[in-house]
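Everything numeric here is computed off the predicted structure, so don't read it as measured data. Throughout, protein chains are lettered first and strands after them, A, B, ... in sequence-line order, and every chain is numbered starting at 1.
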Number of protein chains: 2
Amino acid sequence: MAFTERSAATRTAILSAARKLLIERGYEAMTIRAVASLVGVDPSMVMRYYGSKAGLFSAAVDVDLRLAEVDRPPADRLGELLVRHFLARWEGELSDDVLIMLLRSASTNPMAAERMREVFETQIAAFVARLTGADDAAYRAGLVSTQLLGLALTRYVLRFPPMADADVETLVRDLGPAVQHYLTGGDRT
Amino acid sequence: MAFTERSAATRTAILSAARKLLIERGYEAMTIRAVASLVGVDPSMVMRYYGSKAGLFSAAVDVDLRLAEVDRPPADRLGELLVRHFLARWEGELSDDVLIMLLRSASTNPMAAERMREVFETQIAAFVARLTGADDAAYRAGLVSTQLLGLALTRYVLRFPPMADADVETLVRDLGPAVQHYLTGGDRT
DNA sequence: GTGATATTCCTACGCCTGTTGGCCTACACT
DNA sequence: AGTGTAGGCCAACAGGCGTAGGAATATCAC
């Protein structure tokens, strides 16, 4: 029952194949058989190492938005920095963020939606509370999430041409102020 | 091959059952058998009237955002009116909008994503172009879409508590200005 | 070298899927 | 009144799904 170092390669290969499918097509399309065939092993290996499809999903989805990296920011440039941070996490070859794969899965899968809510509470809302100290931090975090998830949705999932083609600096310039205003602007009560 | 008035009731019942499942669970969950059982007829009836699952989907999804109803608005209250319009379309018992069901399906189904892009181009982008006359109307429409779809996503699909619980007027007050700014604010080139 | 254990593959089960074709039934037109 | 046709159900197909159990193979400890 205990797994050794010998199978580590297979286990991580299964995990990254699962992530690949989740990011590209969502939970339903991440079939045990598809994952196994991508790795080049038998489907029963996936069951052996991750127990079930739900277990594999749980293992594949450990989201860390790395908001701690956005530390000690000037209060008036927080919106801009946040937009830039998320775009940097999603963009390019080294993008390893799983928020988009959660996004793809959460529309149809309750487990993924629940995980998404956890990420919101423990990372986004907590971050906003920590940085702004506002007592309506959760609602402000919600507003910020509408904007950032809306960006991820239109740019990476739906691929609306204007959003998919826009360059990072343009988006930072145009979306930053809105996010900034959600964080620190006016009264929200 | 031609269908008569006699079967009209069945055909529309099938269509609304399909819409119900699409809104609640997305494309994959809208199985031919589930639709048929919801109506109380045989699955082969669905095939008979709509040819295939894709055909049923196409018939079920004819999106009209009814943006024409937002007519002759004061230019400086456009953002607010737009947010209010979409919330009104989605809210309450008489909500018949299919944008959310497209949203639920588009994350995993390419056909739904394509349809979503069509709706964006022919309705949202066209609306923005018509009202603002801006030459960067498509990009401005994209920005607006990030915000409005982000709202729909967090409020109805992911159900983030702060967004799901917020009342309409609060959302209009807080999101309206951002949308307004995307539409008419500053330089976007 | 031998025994134990982890890794891997093969086969199969039961269920669900979209889709097809045949068979009655009941309406509608002449 | 009789006939054509549309409405409807039943049974079945081929394929995919998650999952289970067992047999074969490879690696390690002694």
Strictly below 4.0 Å, N to O, side chains only: are A:Asp62 and A:Arg19 in salt-bridge contact?
yes
Tell me which of B:Arg6 and B:Ser52 sits closer to the 5' end of DNA chain C, going by the nucleotide each one is nearest to.
B:Ser52
d(CG, A:Asp42; C1', D:dA23) in whole Å
13 Å
So what does B:Ser44 touch, heavy atoms closer than 4.0 Å: a base, only the sugar-phosphate, or nothing?
base
Any side-chain N or O of B:Thr4 below 4.0 angstrom from OP1/OP2 of D:dG7?
yes
In terms of side-chain heavy atoms of B:Phe3, which of D:dG7, C:dT7, C:dT20 is nearest?
D:dG7
Rounded off to whole Å, could you give me the CD1-to-C1' distance for the A:Ile32 and D:dT19 pair?
9 Å
Do the side chain of A:Thr31 and the main chain of A:Ala34 share a donor and acceptor less than 3.5 angstrom apart?
yes
Say whether, by atom type as modelled, one donor and one acceptor occur between the side chain of A:Arg155 and the main chain of B:Thr146 under 3.5 angstrom.
no
Please work out which of the three classes, parallel, tilted or perpendicular, describes the rings of B:Phe57 and B:Tyr27, given edges at 30° and 60°.
perpendicular
CE of B:Met30 versus P of C:dT17: gap in Å, rounded?
12 Å
A:Tyr49 near the nucleic acid: base, sugar-phosphate alone, or nothing, with a heavy-atom cut-off under 4.0 Å?
sugar-phosphate
Do any side-chain nitrogens or oxygens of A:Thr31 fall under 4.0 Å of OP1 or OP2 in D:dC17?
yes
Salt bridge or not for B:Arg173 and B:Glu80, using N-O below 4.0 Å?
no
Using whole Å, what does the distance between atom P of nucleotide D:dA26 and atom CE of A:Met45 come to?
14 Å
How long is the line joining CE of A:Met47 and P of C:dC13, in whole Å?
18 Å
N/O (side chain, B:Arg48) to phosphate O (OP1/OP2, D:dA6) under 4.0 Å
no
Would you kindly check whether a donor in the side chain of A:Arg33 faces an acceptor in the base of D:dG16, or vice versa, at under 3.5 angstrom?
no
Does a nitrogen or oxygen in the side chain of B:Thr10 sit under 4.0 Å from OP1 or OP2 of D:dG7?
no
How close or far is atom P of C:dT7 from atom OH of A:Tyr50, stated in whole angstroms?
12 Å
To the nearest Å, how far apart are A:Glu28 CD and C:dT17 C1'?
14 Å
Rounded to the nearest Å, what distance is computed from the CG atom of residue B:Leu56 to the C1' atom of nucleotide C:dT19?
14 Å
